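Notes for the one structure printed next.
The model shown is predicted, which means the values in this text are computed figures rather than measured ones.
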There are 2 protein chains.
Amino acid sequence: MRARLRAEMTDEIKAIARRHLATEGANLSLRAVARDLGVVSSAIYRYFPSRDELLTALIIDAYDALGGAVEAAEGAVDRADLTGRFLAVCHAVRDWALANPHEYALIYGSPVPGYAAPTGTVTSALRSVTVLGGIIEDASVAGVLRDDAQLPADAAEDVARVGSIVAPSAPLGPLSRALGSWLQLFGFVSFELFGQFRNAVDVPGPLFAQQMRAQAAYIGLPTA
Amino acid sequence: MRARLRAEMTDEIKAIARRHLATEGANLSLRAVARDLGVVSSAIYRYFPSRDELLTALIIDAYDALGGAVEAAEGAVDRADLTGRFLAVCHAVRDWALANPHEYALIYGSPVPGYAAPTGTVTSALRSVTVLGGIIEDASVAGVLRDDAQLPADAAEDVARVGSIVAPSAPLGPLSRALGSWLQLFGFVSFELFGQFRNAVDVPGPLFAQQMRAQAAYIGLPTA
DNA sequence: CCGCTGTCAAGAGCAGTGCTCTCGGTATGC
DNA sequence: GCATACCGAGAGCACTGCTCTTGACAGCGG
């Protein structure tokens, strides 16, 4: 009963903090959210031991929101349409990032203090990449991926470790290319959101669609 | 004469600010650098009208440092070794980022306030990507790039605009793949520096080398 | 040589920040 | 019914970016 009030309070704090994040940026002010909540600043500390803990909670929420969006978008595509599922993942990431730019910056931008992100975030952070792994895994068991890997041993070790988490039975060649696509996807979104395309790419949407389609083909997913 | 003293003073401020940036992070304190400089905080304002202006100066310096490092590394490779030049660029970016993580975060992380980066930064920001463009351009005039482009018109427009700046005579297909490699390169470095590889990639070096070699081949650069 | 002008650092001060501590009040559990 | 635990309010500390005023010094024209 008292616990429910407490949960509502923390949710309300996080909601206001998220709103402040959206309007101002990463420099979140505890006193400002307390003011908006009609409460004195020290009261916030009953619910979050420090500003960094609040940010960590927002980070976990952001990872979960992104993961949920990716899962929903990918889940709506016919399971047999591997390329469609891949493209759904890519566009879900970008769409969510464009809709929540500051939350994206919170999780994929420069880490704010020294290193906030504790271990509690990793499970939520894995959700979206797990979806991609599932696609590669499904493509692997469907036998549509050609294994043309000739990776050096040290690099193969890294790829294999990633694969063991998200796509255990996928061959290393396509897995390595999928990893590259993942990096390119977030490189694109980060460049777009952080203003690196200034004076170079005006309307990034079509370019993004083309790049991701090319990546699907490069990985070896069947051209739908 | 008085101007030279002034230049030395601004250089010293920037040097101390850079040192603070390296030890603490992005939240640079004007009062702290003033303290280290043995001067009162308001004196800094004689040289930089605001903290954001100081950050902007550091950003421009960082872009120039990265650009210089890339130019030097690429210039040391035999001009005919196109793949070697490409790999030199990739590794120069990563090496510089690993050596100056906070300055990398300053220019390729989330923009600190609303939007600091003014127009003065773009010329410095273009230096590194121009080097890559030169490689693609050289490969194009050498006739080693196969033009297998079938880009949709809207995406082709974006690619062509980028190409007109850095590699005017390159065909759109390889240019589009080179753009993707550029995004993947910075996606990799950002993931590595910002802790996104946690529990997944322990020793990113070999993986990076393999990914960039694969990209060189994918673009169509001759396998040395 | 005097005096004017422009530049500089110092210091005080304002509004804001994260965070700690104490002090009453209230609800929960025994 | 009472002890315990929690809660919000408020004061306070050390810090921040930034502004303003004050006094000192250098260079130049007369």
Side-chain angles (χ1 to χ4, degrees), chain A residues 1-59 102 106 110-118, chain B residues 1-59 102 106 110-118:
Chain A
M1 148 70 167
R2 213 53 186 166
R4 217 187 55 203
L5 282 190
R6 183 179 178 84
E8 286 178 14
M9 193 69 169
T10 65
D11 280 352
E12 203 163 352
I13 291 175
K14 287 198 291 185
I16 294 182
R18 226 178 329 257
R19 221 183 50 211
H20 271 101
L21 214 64
T23 60
E24 298 194 24
N27 24 6
L28 180 66
S29 161
L30 271 191
R31 294 180 112 110
V33 324
R35 230 175 291 132
D36 268 28
L37 200 125
V39 107
V40 90
S41 75
S42 59
I44 305 282
Y45 287 85
R46 299 280 171 194
Y47 302 92
F48 294 95
S50 77
R51 196 191 82 125
D52 284 357
E53 294 283 337
L54 212 196
L55 281 178
T56 302
L58 293 178
I59 287 174
H102 292 94
L106 202 60
S110 24
V112 192
Y115 255 150
Chain B
M1 148 65 167
R2 212 57 185 163
R4 215 187 54 200
L5 282 191
R6 181 177 181 84
E8 284 178 15
M9 191 70 169
T10 65
D11 280 351
E12 203 163 353
I13 292 175
K14 286 199 289 185
I16 294 182
R18 226 180 326 260
R19 222 183 47 211
H20 271 101
L21 214 64
T23 60
E24 299 195 22
N27 23 6
L28 180 67
S29 161
L30 271 191
R31 294 181 113 113
V33 322
R35 228 175 294 135
D36 267 28
L37 201 126
V39 107
V40 92
S41 75
S42 58
I44 305 282
Y45 288 85
R46 297 278 167 195
Y47 303 92
F48 294 95
S50 78
R51 196 192 80 125
D52 283 358
E53 295 282 338
L54 212 197
L55 279 178
T56 302
L58 292 178
I59 286 174
H102 291 95
L106 201 60
S110 24
V112 193
Y115 253 149

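Rounding to whole angstrom units, CZ of residue A:R31 and P of C:dT20 are separated by 13 Å. Taking atom OH of residue A:Y45 and atom P of nucleotide D:dA9, one finds them 15 Å apart after rounding to whole Å. For the pair A:F48 CZ and C:dT20 C1', the computed distance is 19 Å after rounding to whole Å. Regarding A:M9, its CE atom lies at a distance of 17 Å from the P atom of C:dT26, rounded to whole Å. Rounded to whole angstrom, the span from the CG atom of A:N27 across to the P atom of C:dG18 amounts to 10 Å. Rounded to whole Å, atom C1' of D:dC7 lies 14 Å from atom CG of A:L37. Atom CD in B:E12 sits about 11 Å away from atom P in C:dA9, given to the nearest Å. Separating the CZ atom of B:R51 from the C1' atom of C:dG16 is a distance of 14 Å, rounded to the nearest angstrom.
Every residue two or more places apart in sequence or in another chain that forms a salt bridge (charged side-chain N to carboxylate O under 4.0 Å, His left out) with A:D36 is listed here: A:R19.
Separating the OG1 atom in A:T10 from the CD1 atom in A:I44 is a distance of 11.0 Å, to the nearest 0.5 Å. Here the CG-CG distance, from A:L21 to A:N27, works out to 9.0 Å after rounding to the nearest 0.5 Å. Distance check, rounded to the nearest 0.5 Å: CG of B:L58 to CD of B:E53 gives 11.5 Å.
With distances taken from any side-chain atom of A:S41 to the nucleotides C:dC19, D:dG8, C:dG16, the minimum falls on C:dC19. Closest to the B:S42 side chain, of the nucleotides C:dT17, D:dC20, D:dT16, is D:dC20.
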> Are B:Y45 and B:L30 close enough, and set up right, to give a side chain to side chain contact (heavy atoms under 4.5 Å, CB included), and what steps lead you there?
Replying inline: CA-CA 9 Å; B:Y45 288 85; B:L30 271 191; 3.3 Å; yes
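Among the atoms of the strands shown, none is found under 4.0 Å from any heavy atom of B:L54. In this structure, B:L28 reaches the sugar-phosphate backbone alone: every heavy-atom distance under 4.0 Å involves primed, P, OP1 or OP2 atoms, never a base. Using a 4.0 Å heavy-atom cutoff across all strands shown, B:Y47 reaches sugar-phosphate atoms only and no base atom. Here A:S50 lies in heavy-atom contact (under 4.0 Å) with sugar-phosphate atoms only. Residue A:V40 is classed as a base contact, given a heavy-atom separation below 4.0 Å to a base.
With pairs defined as Watson-Crick or G-U wobble and both atom distances under 3.5 Å, the stems of at least three pairs that touch DNA chain C come out as C:1-30 with D:1-30.
For the pair A:R46 and A:L30, both in contact range of DNA chain C, the more 5′-proximal nearest nucleotide belongs to A:L30.
Checking side-chain atoms of A:R51 against main-chain N and O of A:L28 turns up a donor-acceptor pair under 3.5 Å.
Within the 4.5 Å cutoff, no side-chain heavy atoms of B:L54 are placed close to those of B:Y47.
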